[in-house]
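Notes for the one structure printed next.
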Amino acid sequence: MLVLNDADISNYSDRVLLAGNRILTTFINTLHERIVSSKCIVGVVGLGYVGLPLAIALSNAGLSVVGFDIDASKIENLRVGKSYIKHIASSDVANLIQKNNAEFYSDFSVVEKCDVVILCVPTPLNKHMAPDLSYVTDTTRYVAEHMRHGQMVILESTTYPGTTSEVLAPLINEVSGLRLDEDFFLAYSPEREDPGNLNFVTRTVPKVVGADNPEALKATIALYNHIVDQVVPVSSAATAEAVKLTENIFRSVNIALVNELKTIYAPMGIDVWEVIEAASSKPFGFMPFYPGPGLGGHCIPIDPFYLSWKAKEFGLTAKFIELAGEVNRRMTDYVIANLVDLLSEHAGKAIKGANILVLGLAYKKNVGDLRESPALVIINQLEKKGERTAYYDQNIPIITPTREHPEFTGRQSVDLTAEEVRKYDAVLVVTDHDDTDWQLIADNAKLVVDTRNVMKNYGQGERDLIFKS
Ligand SMILES: NC(=O)c1ccc[n+]([C@@H]2O[C@H](COP(=O)([O-])OP(=O)(O)OC[C@H]3O[C@@H](n4cnc5c(N)ncnc54)[C@H](O)[C@@H]3O)[C@@H](O)[C@H]2O)c1
């Protein structure tokens, strides 16, 4: 971890002065002063799960915020104080409008007004499982077209080490003609958003920041000090990029491990959830991770492959990452195989023509996000086998377009009533939203296949047909 003191900063400035570049020193001081005194205007580009809460946090901290998104419907909603993200209250957005310190645009010309521009756009994989940086590069171009001398750009999108310096810096220079560290600063700060987790708010989650230039780092620290209690500086943008990937690789590998343990313990008659609960009583050296139907969301199934792709440039193979990805991807097959067996064994039903209710579509509990959700993979595979599926998800009443499964767009959730549940040969629990009526499922389902262990406290009495998978 880098600890930066004032001497480092003045040494750096002195060196620049010796090189005769007075403009640079003026720009550094002005930018830093505007940030510290809360006079800066901060642009947030990409107002999704990461960008919108960030814009709200910055505005609540008293900074002026300009939000940008290419999705005009999002801008329209925000301008009238409406949130389009389930766990972000419209009152939080309305507050910004009332305070008059936030504006929202699809037009990037306002970038010129900003002191700092933070990029929070998607970083998916392409169909060859390689990084798709097109959102980042498109956004950087739009921003760079309107940049002026004296601004700072911070990338928050998750990406491979080197993106900030190898991709953003030359691109901004090419489009705007501005020079890194002379006309503009660059930094990287990964987001640690955990949608739906009520135990943390933006302020209580420490923020890692990295920049290759100590002055840029100092300005970045000053900026995030406004919104979090602890800023954690590291020595370069690439290190900060690596920190984020390491956090998500850690999760992916550990989830793969418990998923594999589940498949090994099950034929031995051992319940992996009971094992994990008991192992968690160890006060040191163990951290619980939980198995499930496969990984979902915009982070854990994707981000690790940004590093395995980059590793190839150095002739290296990221074996753990590849293996964890494979194990986690196989979980949907495992769940379907269990469902097929249980249907045949307990309902005398063949898979073809069976009627299945998929319970929960979101990739994790208490959110309305279905990106990369294993539920979509499962529905797709079941329908290929000739099953008829319906879904229930109170957070996703209608399926919006996804990159992976556009064919499901427009499908609607059924209502969760006793009569509805009784219609199906089996209920497959994929997502364990807290506000689902689990007792109603236990009382009315003919067969329950539970991938989340959520039914552990609900029995069906005599006719217990609830199985973990
Ligand atoms: N969702 C999470 O929990 C989470 C957590 C940590 C990090 N991240 C990372 O943060 C980044 C953003 O993720 P997200 O979940 O907020 O994505 P998102 O899809 O919710 O939001 C991205 C937004 O960017 C907009 N956008 C796309 N291209 C644009 C452009 N050229 N100009 C302006 N706006 C544009 C989209 O319309 C969308 O509103 C990704 O790199 C992701 O890996 C996400």
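Read the numbers this way: they start at 1 and go in the same order the structure lists the ligands and their atoms.
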We want to know whether T317 and E322 form a side-chain donor-acceptor pair, criterion being a heavy-atom distance below 3.5 angstrom.
no
Less than 3.5 Å between some nitrogen or oxygen of D69 and one of ligand 1, yes or no?
yes
Less than 6.0 angstrom from the centroid, inside 45 degrees of the normal: does R148 satisfy that with respect to the ring of F184?
no
D393-S413 side chain donor-acceptor pair, cut-off 3.5 Å
no
Are any of the N/O atoms in Y49 less than 3.5 Å from those in ligand 1?
yes
With a cut-off of 4.0 Å, which atoms of ligand 1 are near a heavy atom of T123?
40 (C), 41 (O), 43 (O)
Find all atoms of ligand 1 within a distance of less than 4.0 Å from any non-hydrogen atom belonging to H298, and give their numbers and elements.
13 (O), 15 (O), 40 (C), 42 (C), 43 (O)
If you compare L133, V121, L52, T139 by their heavy atoms, the one closest to atom 11 (C) of ligand 1 turns out to be V121
Please list the nearest protein heavy atom to atom 22 (C) of ligand 1 with its residue and the distance rounded to 0.1 Å.
P122 CD, 3.6 Å
Which one holds for S157 and ligand 1: side chain close, backbone close, both close, or neither close, with close meaning a heavy atom under 4.0 Å?
both
Looking only at non-hydrogen atoms, which of R403, R371, K244 approaches atom 17 (O) of ligand 1 most closely?
R371
Donor-acceptor pair, D115 side chain versus I41 backbone, under 3.5 Å?
yes
Which ligand 1 atoms are under 4.0 Å away from a heavy-atom of V45?
32 (N), 33 (C)
Ligand 1 to Y135, heavy atom cutoff 4.0 Å, flagged ligand atoms 27 (C), 28 (N)
Looking only at heavy atoms, is any part of F108 under 4.0 Å from ligand 1, and if so is it the side chain, the backbone, or both, or is it neither?
side chain
Residue C120 vicinity, atoms of ligand 1 by number, heavy atom under 4.0 Å:
12 (C), 22 (C)
What residue and heavy atom of the protein are closest to atom 21 (O) of ligand 1, and at what distance?
G48 CA, 3.2 Å
re atom 3 (O) of ligand 1, the protein heavy-atom contact at minimum distance is P195 CD, 3.4 Å
Within the 4.5 Å heavy-atom criterion, are T123 and Y306 side-chain neighbours or not?
yes
Do the side chains of K456 and D432 get close enough for a salt bridge, i.e. N-O under 4.0 angstrom?
no
Under-4.0 Å heavy-atom contact with ligand 1, by part of R192 that carries it
neither
Atoms of ligand 1 under 4.0 Å from any heavy atom of G46, numbered from 1 in the order shown, are 23 (C), 24 (O), 25 (C), 34 (N)
Quick test of your reading of the model: are E174 and R141 salt-bridged, counting only N-O distances below 4.0 Å?
yes
Does only the side chain of C299 get under 4.0 Å from ligand 1, or the backbone, or both, or neither? Count heavy atoms.
side chain
Please could you name the atoms of ligand 1 that Y142 approaches to less than 4.0 Å, counting only its heavy atoms?
31 (N)
Assess the side chains of N338 and K468: does a donor N or O sit below 3.5 Å from an acceptor N or O?
no
Run E76 and R79 through salt bridge (Lys or Arg N to Asp or Glu O under 4.0 Å) and show every step you take.
CA-CA 5 Å; E76 277 165 31; R79 284 180 175 172; over 6 Å; no
Non-hydrogen side-chain atoms of V243 and E247 separated by less than 4.5 Å:
yes
Less than 4.5 Å apart, any side-chain heavy atom of N101 and any of V65?
no
If I apply the N/O under 3.5 Å rule, does D138 come out as touching ligand 1?
no
Under 4.0 Å from any heavy atom of D71, which atoms of ligand 1 are there?
37 (O)
Tell me which one of T159, I70, L54, T158 gets a heavy atom nearest to atom 28 (N) of ligand 1.
I70
Test item: V449 and I356 side chains (from C-beta on) under 4.5 Å apart, heavy atoms:
no
V50-ligand 1 polar pair, N/O distance under 3.5 Å:
yes
Between E326 and R329 (salt bridge meaning N to carboxylate O under 4.0 Å), is one present in this structure?
no
